[in-house]
Amino acid sequence: MSAAATKAAAKSPAKSAALKSVDTAKKSSVTSDLSKEKQIALLRDMLLIRRFEEKAGQLYGMGLIGGFCHLYIGQEAVVTGIQAAAREGDAVITTYRDHAHMLACGMDAKGIMAELTGRIGGFSKGKGGSMHMFSVERQFFGGHGIVGANVPLGTGMAFAQKYKGSDALTMTYFGDGASNQGQVFESFNMASLWQLPVIYIIENNEYAMGTSVKRSHASAELYKLGEPFGIPGVQVNGMDVLAVYEAAKKVIAHVRAGKGPYLMEVKTYRYRGHSMSDPAKYRSKKEVEDYKENRDSINQFRKYLEAAGMANEAAFKKIEDEVKAIVHEAAEFAKESPEPDATELWTDILSQ
Ligand SMILES: Cc1ncc(C[n+]2csc(CCOP(=O)(O)OP(=O)(O)O)c2C)c(N)n1
Ligand SMILES: [Mg+2]
């Protein structure tokens, strides 16, 4: 370290510690002291997301969901592990691939499905659709279609939390493609400068629409993107829900202690196309099959729970039945809920 850098580090201990944490970032292990009940809840939460998304895919195919629809299948362990480590009152903001984040925040599956089908019973009265749902009660702030744009918004939300003296923090989720945006780095700068309680979560699913990380990023080590700003980073195996949970627990403790922002790169994979209209010709079937067969977060976690003696076939069936019933009820609610009345065109709009 140069003399000037040493002097600067001495002045700012939080930042020098942060840089050290970037250097020592490792893949997390799966050892956890989480109770059996909570581990089973992780499986249930992942399964709910998967079955919900499968049903959304079916309803889309039947013409009941219009417009864009981006499914989260394959990435379930990411939001499940992180939100399990969060506290009620912590805020969440994400991209258009958002159904899972709403479920993980505890939003009702019925209201999400009804919104997808454009019905009055939806979270935005059927006027927002897949990408535009919010819940102040659950501190979920969207659902954003413009790539990267939710990152400065999440940073602003963390600014508000700090300004108001709250100990809540903001989980700001975005993709590997979004992580190349200029506004992301402007946000990093401000978040570090003001030591904001924000966790930046890059869901690295290897592709931005059809462009692979290898083709679009000069460096594939996305967890280091905050390094020039003194933001510590960690890379986590996003196909392993316990690894995600354990990493998130540490990161959350760091940020809640007032030590400023943190960056998590969670390595994952999406099984379906970018959106429902994407035939995914930019990757091989073999690559997708390999993830599904050998690395699937739900199957792997099931095997682990069984081997650890925490659950058996009967327990899995019970969870599967419970989840299927929730999703069935959500789909029925969505189909039965009426479309919004034409007069709704004039409500919930900003006029000056
Ligand atoms: C500013 C902007 N540019 C381009 C698009 C079109 N677009 C939508 S999603 C996407 C890819 C983003 O990929 P990534 O950030 O990796 O997220 P993922 O879809 O993999 O979850 C693009 C280019 C957009 N919505 N907004
Ligand atoms: Mg991506």
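First listed ligand is number 1; within each ligand, the first listed atom is number 1. Side-chain atoms are counted along with the backbone in the values below, which use heavy atoms only and exclude waters and symmetry mates.
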Closest approach of any protein heavy atom to [atom], naming residue and atom:
| atom | value |
| --- | --- |
| atom 14 (P) of ligand 1 | G177 N, 3.4 Å |
| atom 18 (P) of ligand 1 | Y96 OH, 3.3 Å |
| atom 11 (C) of ligand 1 | M209 N, 3.6 Å |
| atom 8 (C) of ligand 1 | V147 CG2, 3.6 Å |

In this structure, is the centre-to-centre distance between the rings of [Y] and [X] below 6.0 Å?
| X | Y | result |
| --- | --- | --- |
| F68 | Y96 | no |
| Y282 | H274 | no |
| Y173 | H101 | yes |

Hey, which atoms in ligand 1 end up nearer than 4.0 Å to a heavy atom of [X]?
| X | result |
| --- | --- |
| R97 | 18 (P), 19 (O), 21 (O) |
| Q181 | 1 (C) |
| N205 | 18 (P), 20 (O), 21 (O) |

Using distance alone, with no hydrogens and no angle criterion, decide if E203 and T268 have a side-chain donor and acceptor under 3.5 Å apart.
no

Could you tell me if Q83 and Y245 have a donor-acceptor pair between their side chains, going purely by distance under 3.5 Å?
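Side-chain D/A pair, Y245 to Q83: absent.
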
Establish, for the pair R295 and Y269, whether the NZ or CZ atom is under 6.0 angstrom from the six-membered ring centre and no further than 45 degrees off its axis.
no

So is T95 in contact with ligand 1, going by heavy-atom distances below 4.0 Å?
no

Would you say R270 and ligand 1 have an N/O pair spaced under 3.5 Å apart?
no

Just heavy atoms, cut-off under 4.0 Å: does H274 contact ligand 1 by side chain, backbone, both, or neither?
side chain

Heavy-atom nearest option to atom 15 (O) of ligand 1, drawn from A178, G145, G148:
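Selected option, by shortest heavy-atom distance: A178.
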
Got a salt bridge between [X] and [Y], using NZ or NE/NH1/NH2 to carboxylate O under 4.0 Å?
| X | Y | answer |
| --- | --- | --- |
| E320 | K317 | no |
| D290 | K286 | no |
| K224 | E221 | yes |
| R256 | D90 | yes |

Would you mind telling me which of V92, I199, I201 makes a side chain to side chain contact (heavy atoms under 4.5 Å, CB included) with I82?
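Going through V92, I199, I201 one by one, the side chain to side chain contact (heavy atoms under 4.5 Å, CB included) with I82 is satisfied by I201 alone.
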
Heteroatoms of the protein, restricted to N/O/S, which lie under 2.8 Å from the Mg ion (ligand 2):
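Under 2.8 Å from the Mg ion (ligand 2) - ignoring waters, which are not counted - the protein N, O or S atoms are D176 OD1, N205 OD1, Y207 O.
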
